[in-house]
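Remarks on the structure that follows.
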Amino acid sequence: MSNQVVVIGGGVMGSSLAYWLTRLEPSAGVTVVERDPSYQHASSALSAASIRQQFSTPVNVLVSQASIAFLRNAAVELSVDGDEPDIMLREVGYLYLAGAGGAAALREAHAVQRACGADIALLDRADLKRRFGWLNTAGLSLGSLGLSGEGWFDGYALLMAFARKARRQGARYVNAEVCGFAVEGTRVTEVIAADGSRLACTHVVNAAGPWARRIAAMAAVDLPVFARRRTVYVISCPTPMTPFPLLIDPSGFWIRPEGAKFIAGFSPADDLDDQPLEPDYDSFESHLWPALAQRIPAFEEAKLERAWAGYFEMNTVDHNAILGPHPSLENFLFMNGFSGHGMQQAPVVGRAVAELILLGRFETLDLSDLLFTRITENRPLREANVIG
Ligand SMILES: Cc1cc2nc3c(=O)[nH]c(=O)nc-3n(C[C@H](O)[C@H](O)[C@H](O)COP(=O)(O)OP(=O)(O)OC[C@H]3O[C@@H](n4cnc5c(N)ncnc54)[C@H](O)[C@@H]3O)c2cc1C
């Protein structure tokens, strides 16, 4: 039987995979099953869509380097009949700030990043003040600034571009909700939808984002990925401040420009699973605003314009992607658990999982460190730089 790949979830991961499968093997049969083509609650539609090189794990730095190369060329790569998508990539950098006790960790991560060839500079307090006059440097010991290869883009535009190109290359998108599998021995033979339809498959891929744990459970696989709500606050501030990279404060918040406004967030202390996707408005006044105004005095005059909430698909074991087959089911592959850095990894992870399916191995970039087996064999690969 020739390849019949069923991809569960048509967000940026599922659509990147569908694009790469049909690009690398035009005869591959690819069906993407998506229950909500409006993507109302999908992380890919609610993302802050930013990309950084500043990770603590080498494999993540290498993924980001390949990803930024793809994003820079996305207009050409994903064009359809000469119509080029505009993903609005802005390479403005990330600025990690360390307080009194944080400099050693920043230097350690910097060594990893430099060894991987990332273009990152360490800045002392005087450098920080010189470059970013709007910043209150009191209490800071060090900063780490991406000089290239970091910034943000339009994540929804990237999702749409992957899906459009995948369709053009022959992928089929089906509007249905997956509710189970037929399994024979160590293989999934059919994907079963709630409307009773059944799709025969040579491979099935879990690309269900924050809902991936439920899909895994349908095949009796325990996937340590949990839906954790994150609120994104849209803030206006009358004082112009340039340049303004994506700033990560030692107190835990992040903020970056979004057009003429800013977006910001933080990770809540009570990080519960599956909370309703209602923004946490109360925490703006009680938590975020005071911290913002302390670090950036101009934000005393800031105004909350609106907010939205989406789910991080949090891998609670080690905060890294979980890729490839589960040892008990040879043709059930996973691309889950990105823990807040999935949008930027989608172009590269899509290709890597496509290679696993088509060739049985990674070819372009070795992502073996991220295979599911590290979880089942209890060899976690902890990512220290998780934002928000
Ligand atoms: C607020 C926020 C900020 C973020 N910021 C960043 C960032 O700055 N940089 C970054 O790299 N990443 C960021 N992320 C993370 C990134 O957006 C995600 O990692 C990425 O979008 C995950 O894509 P996905 O395709 O796996 O999941 P999703 O986009 O959620 O897609 C999964 C799809 O599966 C479908 N589905 C689920 N169950 C079923 C079923 N049973 N049957 C059929 N379909 C099903 C869903 O409808 C959904 O469309 C952020 C996320 C959030 C929420």
Side-chain angles (χ1 to χ4, degrees), residues 6-18 31-52 55 60 63-64 67-68 71 94 150-156 158-159 162-163 173-181 191-195 199 204-218 225 227-233 246 248 254 256 258 263-267 277 279-280 307-315 319-323 334-350 353 386-388:
V6 176
V7 182
I8 304 168
V12 75
M13 282 299 158
S15 293
S16 171
L17 174 62
T31 304
V32 179
V33 186
E34 171 53 59
R35 66 180 175 194
D36 176 18
S38 79
Y39 297 106
Q40 191 187 357
H41 299 301
S43 300
S44 304
L46 300 166
S47 181
S50 307
I51 175 164
R52 61 189 155 111
F55 286 95
N60 284 331
V63 168
S64 283
S67 247
I68 193 76
L71 294 176
Y94 271 57
E150 296 190 326
W152 47 88
F153 55 97
D154 181 340
Y156 188 72
L158 181 67
L159 157 61
F162 271 132
Y173 277 64
V174 172
N175 180 199
E177 175 151 14
V178 170
C179 68
F181 300 106
V191 176
I192 304 167
D195 61 10
L199 293 162
V204 59
V205 182
N206 185 346
W211 301 277
R213 185 175 170 76
R214 291 182 208 164
I215 299 292
M218 292 171 194
V225 172
R228 298 279 171 85
R229 184 179 70 186
R230 292 292 179 270
T231 299
V232 179
Y233 302 89
L246 192 155
I248 295 138
W254 61 269
R256 72 158 171 85
E258 174 68 26
I263 56 173
F266 63 94
S267 32
L277 280 185
D280 173 10
W308 77 82
Y311 291 124
F312 270 17
E313 69 284 26
M314 199 65 99
N315 163 2
H319 295 134
N320 263 322
I322 299 175
L323 305 182
F334 294 76
M335 46 195 318
N336 305 116
F338 296 92
S339 307
H341 48 268
M343 177 57 75
Q344 64 199 281
Q345 297 197 328
V348 173
V349 165
V353 174
V386 173
I387 299 176

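The structure displayed is predicted, hence computed values, not measured ones. Every number for a ligand or one of its atoms is a count from 1 in the order of the listing.
Taken to the nearest 0.5 Å, the CD atom of Glu34 stands 7.5 Å off from the CG atom of Asn175. Rounding to the nearest 0.5 Å gives a distance of 7.0 Å between CH2 of Trp152 and OG of Ser50. From Arg228, atom CZ reaches atom OG of Ser339 across 9.5 Å, with rounding to the nearest 0.5 Å.
Listed by chain and number, the residues in a salt bridge (Lys or Arg N to Asp or Glu O under 4.0 Å) with Arg256 are Glu258 (sequence neighbours excluded).
Using the six-membered ring where Trp is involved, Phe55 and His341 have ring planes that are perpendicular, over 60° apart on the 30 and 60° scheme.
Between Leu158 and Met343 the shortest side-chain heavy-atom distance falls below 4.5 Å.
Near ligand 1, residues Gly9, Gly11, Val12, Met13, Val33, Glu34, Arg35, Tyr39, Ala42, Ser43, Ser44, Leu46, Ser47, Ala48, Ala49, Ser50, Ala176, Glu177, Val178, Ala207, Ala208, Gly209, Pro210, Trp211, Ile215, Val232, Gly310, Tyr311, Phe312, Glu313, Phe338, Gly340, His341, Gly342, Met343, Gln344 each place a heavy atom inside the 4.0 Å sphere around the ligand atoms.
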